[in-house]
Amino acid sequence: MQSCTIETPLGHAKIIGDANGISKVSIGDTTEELSEFIPEDLLDCVTQLKAYFRDELQDFDLKLNPVGTDFQKKVWQYLQQIPFGKTCSYLELSKKIGDPKAIRAVANANGKNPLWVIIPCHRVIGSDGSLTGYAGGLHRKQWLINHESEHKQQTLF
């Protein structure tokens, strides 16, 4: 596995993967040193993440290789079907998966998503419209939802 760390508007993102695909993208409050060299297997991911943050990309087209259970992978596949700029609730997601009673299991799988932003778990909200749990922090979830919003808040000055 190869790795690199890049700067994003939300902090340093660490990318891990190899020729089989990207297995992990994470964000945190660490100040891990930025990579001077980007391994070739990670270059497309870096390019697409930067384009996403510049408002030049809405859909990622990457070879992914996340590690998880079959159920988690199923949830992650459904997460990728939530359109850019849209949100859905955990209940809606569990219904799409075919088990409306699996809300907690869906929420747990959502929280274990290893591919920050690329698999858009930030687009899942509470049934009442509230921002609920997010491994990267609710401030990042709000930022990402705002970033994807059709009606971005304009600054006055």
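What you see below is based on every heavy atom in this structure, not just the backbone, and it leaves out hydrogens, waters and symmetry mates. Because the structure is predicted, anything quoted here is derived from the model rather than measured. Numbering starts at 1 and runs along the sequence shown.
T8 is not listed as a side-chain neighbour of H12, based on a closest heavy-atom distance of 4.5 Å or more. Proximity of Q142 to N146: side-chain heavy atoms (C-beta onward) are separated by under 4.5 Å at one or more points. Looking at F60 and F84, their side chains never come closer than 4.5 Å, going by heavy atoms from C-beta outward. Side-chain contact between L144 and L10 is present, with heavy atoms from C-beta onward closer than 4.5 Å. At a threshold of 4.5 Å between non-hydrogen side-chain atoms, the residues I22 and L115 count as touching.
Shown are L131, T87, I82; of these, the side chain to side chain contact (heavy atoms under 4.5 Å, CB included) with V124 is made only by I82.
A continuous path of hydrophobic side-chain contacts links L49 to L57 [ILVMFWY only; heavy atoms under 4.5 Å]. In the hydrophobic clustering of this structure, I16 does not group with L42; members are Ile, Leu, Val, Met, Phe, Trp, Tyr whose side-chain heavy atoms approach within less than 4.5 Å, directly or through other members. Placement of I119 and I97 within a single hydrophobic cluster is found when ILVMFWY residues are connected by side-chain heavy-atom separations under 4.5 Å, directly or transitively. When the side chains of ILVMFWY residues are joined at heavy-atom separations under 4.5 Å, either directly or via intervening members, L34 and W116 end up in two distinct hydrophobic clusters.
Taking all atoms of both residues into account, the shortest heavy-atom contact from W76 to P66 is CZ3-CB, 3.8 Å. Pairing each heavy atom of C4 with each of S35, the nearest pair is CA-OG, 3.1 Å. Nearest approach of H122 to K141, heavy atoms of both residues: O-CE, 3.3 Å. Minimum interatomic distance between I27 and A13 (heavy atoms only, all atoms of both residues): CD1-N, 4.0 Å. Nearest approach of I103 to S94, heavy atoms of both residues: CG1-OG, 3.5 Å. Minimum heavy-atom separation, L79 to C121: CD1-CB, 4.0 Å.
Between R123 and E148, at least one side-chain N (NZ, or NE/NH1/NH2) sits under 4.0 Å from a carboxylate O, which counts as a salt bridge.
By the neighbour-count criterion of 12 heavy atoms within 6.0 Å, atom CG of D128 is densely surrounded, having more than that number from other residues, nucleotides or ligands. Within a 6.0 Å radius of CZ in R104, other residues, nucleotides and ligands contribute 12 heavy atoms or fewer. For CD of E40, the number of neighbouring non-hydrogen atoms (other residues, nucleotides, ligands) closer than 6.0 Å is 12 at most. Environment of CD in E56: crowded, with over 12 heavy atoms of neighbouring residues, nucleotides or ligands closer than 6.0 Å.
A donor-acceptor contact shorter than 3.5 Å is absent between the side chain of D41 and the backbone of G21. Without hydrogens or angle criteria, S149 side chain to I145 main chain gives no donor-acceptor distance under 3.5 Å. The backbone N or O of T69 sits less than 3.5 Å from a side-chain atom of Q72, completing a donor-acceptor pair. Side-chain atoms of S130 do not come within 3.5 Å of backbone N or O of T132 as any donor-acceptor pair.
Remark: K95 NZ to C88 SG distance equals 11.5 Å, nearest 0.5 Å. To the nearest 0.5 Å, atoms CG (N113) and CD (Q80) are separated by 8.5 Å. How far NZ of K74 is from CG of D99: 8.5 Å, rounded to the nearest 0.5 Å. Note that CD of E7 is 9.5 Å distant from NZ of K50, once rounded to the nearest 0.5 Å. Rounding to the nearest 0.5 angstrom, the gap separating the OG atom in S3 from the CD1 atom in I38 is 9.5 Å. For the atom pair CE (M1) and CD1 (I15), the distance works out to 13.5 Å, reported to the nearest 0.5 Å.
Two rings, from H139 and W143, have their centers 6.0 Å or more apart.
A donor and an acceptor atom, one from each side chain of D44 and Q48, are nowhere located under 3.5 Å apart.
Ring planes of F53 and H147: tilted class, angle from 30 to 60°.
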What do the steps show when you test V106 against F71 for side-chain contact (heavy atoms from CB on, under 4.5 Å), and what is the final call? CA-CA 9 Å; V106 166; F71 180 79; 4.0 Å; yes
